[in-house]
Asker: 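Structure in structure tokens, see below.
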Amino acid sequence: MIGFLSGKLHAKQPPQILINVNGVGYELEAPMSTFYATGEVGSDITLLTHLHVREDAMLLYGFATELERNLFKELIKVSGIGAKMAIGILSTLSVHEFVGLVEVADVVALTKIPGVGKKTAERLVIEMRDRLKGWQLTGTTLTSSSENQLKSQVQQVTTHASAIEALISLGYKPAQAEKMVKSVATDLTLEETIRKALQGVKL
């Protein structure tokens, strides 16, 4: 089992990240929270990983914190919650926000997450409530990026087309994704555009 990867950030296109580890490129999918935490292409990076094995594929997922990875692992244990939906949940809500919604059984807010209907939201509350009891909501980011590096990365790329593609990959319908992106300012970077679009979803 691959527990983490440490190497050079070779490329990034939300929600995918490509890491060069001693000449071998590892493709990972990551929640947007982790994507925001990555540095510039070419910088050193370390991500915790989870290898998800399906009948037709082996997919590697990356996380900036142990807390995010732990929640991902718990989410995919829930009936009807696949890895893609789990990534969508982590991209829409922070771990703290998700735990808070489960604790107060806010089914309505959970249905605002792409792909989560009322029955799924109710199932999340029922099955996750006991699992999340006693969680210590702290986590150490493993990426080597400093705050200044993050700001530099945020200033690099500006394209609404990529933002729309990223939202679609998270489960939003094309028309909905386009509407979300159009609702934010046009002078933002790619990461800021996606973040603002997701924040625009009223919980």
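The analysis underlying the following values was restricted to heavy atoms, covering all of them including side chains, and did not include hydrogens, waters or symmetry mates. Computed from a predicted structure; not experimentally measured.
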Asker: For a 4.5 angstrom cut-off between non-hydrogen side-chain atoms, does Thr120 reach Leu110?
Answerer: no

Asker: Suppose we screen for side chain to side chain contact (heavy atoms under 4.5 Å, CB included). Which residues come up paired with Val104, at least two apart in sequence or across chains?
Answerer: Asp106

Asker: Just list the side-chain donor-acceptor pairs under 3.5 Å for residues 121-128, sequence neighbours left out, or say none.
Answerer:
| residue | atom | partner | partner atom | Å |
| --- | --- | --- | --- | --- |
| Arg123 | NH1 | Ser79 | O | 3.0 |

Asker: My understanding is that only residues two or more places apart in sequence, or in another chain, count here; which of them pass ring pair (Phe, Tyr, Trp, His ring centres under 6.0 Å) with Phe72?
Answerer: His50, Tyr61, Phe63

Asker: Do Leu90 and Phe98 touch side chain to side chain, with heavy atoms closer than 4.5 Å?
Answerer: no

Asker: Could you tell me which residues satisfy side chain to side chain contact (heavy atoms under 4.5 Å, CB included) with Thr49, sequence neighbours excluded, listed by chain and number?
Answerer: Ile2, Leu5, Leu28, Leu60

Asker: Start with the C-alpha gap between Leu71 and Glu68, add the side-chain angles, then the distance that decides, and say whether side chain to side chain contact (heavy atoms under 4.5 Å, CB included) holds.
Answerer: CA-CA 5 Å; Leu71 180 55; Glu68 285 182 329; 5.9 Å; no

Asker: Partners of Thr111 by side chain to side chain donor-acceptor pair (under 3.5 Å), sequence neighbours excluded?
Answerer: none

Asker: Restricting to non-hydrogen atoms, name the atom on Met85 and the atom on Gly115 that form the minimum distance, rounded to 0.1 Å.
Answerer: CE-O, 3.2 Å

Asker: Does Leu132 form a side chain to side chain contact (heavy atoms under 4.5 Å, CB included) with Asp130? I'd like the steps, not just the answer.
Answerer: CA-CA 5 Å; Leu132 297 178; Asp130 289 339; over 6 Å; no

Asker: Within the 4.5 Å heavy-atom criterion, are Glu97 and Thr92 side-chain neighbours or not?
Answerer: no

Asker: Does a side-chain heavy-atom distance below 4.5 Å link Met32 with Leu198?
Answerer: yes

Asker: So with a 6.0 Å cut-off around NZ of Lys119, is the heavy-atom count from everything else above 12?
Answerer: no

Asker: Let's go through Glu40 and Leu9 carefully: what are the C-alpha distance in whole Å and the side-chain angles of both, what is the deciding distance for side chain to side chain contact (heavy atoms under 4.5 Å, CB included) to 0.1 Å, and is it a yes or a no?
Answerer: CA-CA 7 Å; Glu40 299 179 16; Leu9 180 60; over 6 Å; no

Asker: Can you list the residues that meet the side chain to side chain contact (heavy atoms under 4.5 Å, CB included) rule with Ala177, with sequence neighbours excluded?
Answerer: Ile164, Leu167, Ile168, Tyr172

Asker: How many angstroms lie between atom CG of Leu67 and atom CZ of Arg69, to the nearest 0.5 angstrom?
Answerer: 11.5 Å

Asker: Please list all pairs meeting salt bridge (Lys or Arg N to Asp or Glu O under 4.0 Å) that have one or both residues in residues 77-90, counting only residues at least two apart or in different chains.
Answerer: Glu74-Lys77

Asker: Can you pull out every ring-ring contact (aromatic ring centres under 6.0 Å, His included) where at least one residue sits in residues 8-31? Sequence neighbours excluded, please.
Answerer: none

Asker: Can you see which heavy atom on Ile76 is nearest to which on Ala86, and at what distance?
Answerer: CG2-CB, 3.9 Å

Asker: Please list, chain by chain and in numerical order, all residues satisfying salt bridge (Lys or Arg N to Asp or Glu O under 4.0 Å) with Lys8, sequence neighbours excluded.
Answerer: Asp44

Asker: Rounded to the nearest 0.5 Å, what separates atom CG in Leu101 from atom CG in Leu93?
Answerer: 6.0 Å

Asker: Taking the side chain as everything from C-beta on, heavy atoms only, tell me whether Gln176 gets closer than 4.5 Å to Lys179.
Answerer: no

Asker: Please assess Leu48 against Thr65 for the test side chain to side chain contact (heavy atoms under 4.5 Å, CB included), listing each intermediate value before the final yes or no.
Answerer: CA-CA 7 Å; Leu48 295 166; Thr65 68; 5.7 Å; no

Asker: Return the set of residues passing side chain to side chain contact (heavy atoms under 4.5 Å, CB included) with Glu27 (not counting sequence neighbours), or none when no residue passes.
Answerer: Leu18

Asker: Does the side chain of Val24 come within less than 4.5 Å of Asn20's, by heavy atoms?
Answerer: no

Asker: Is there a side-chain contact between Ile194 and Pro14 in this structure, where contact means two heavy atoms from C-beta onward sitting under 4.5 Å apart?
Answerer: yes

Asker: For a quick test of reading the model, state the closest non-hydrogen atom pair linking Ser91 to Pro31 and the distance between them.
Answerer: OG-CA, 3.3 Å

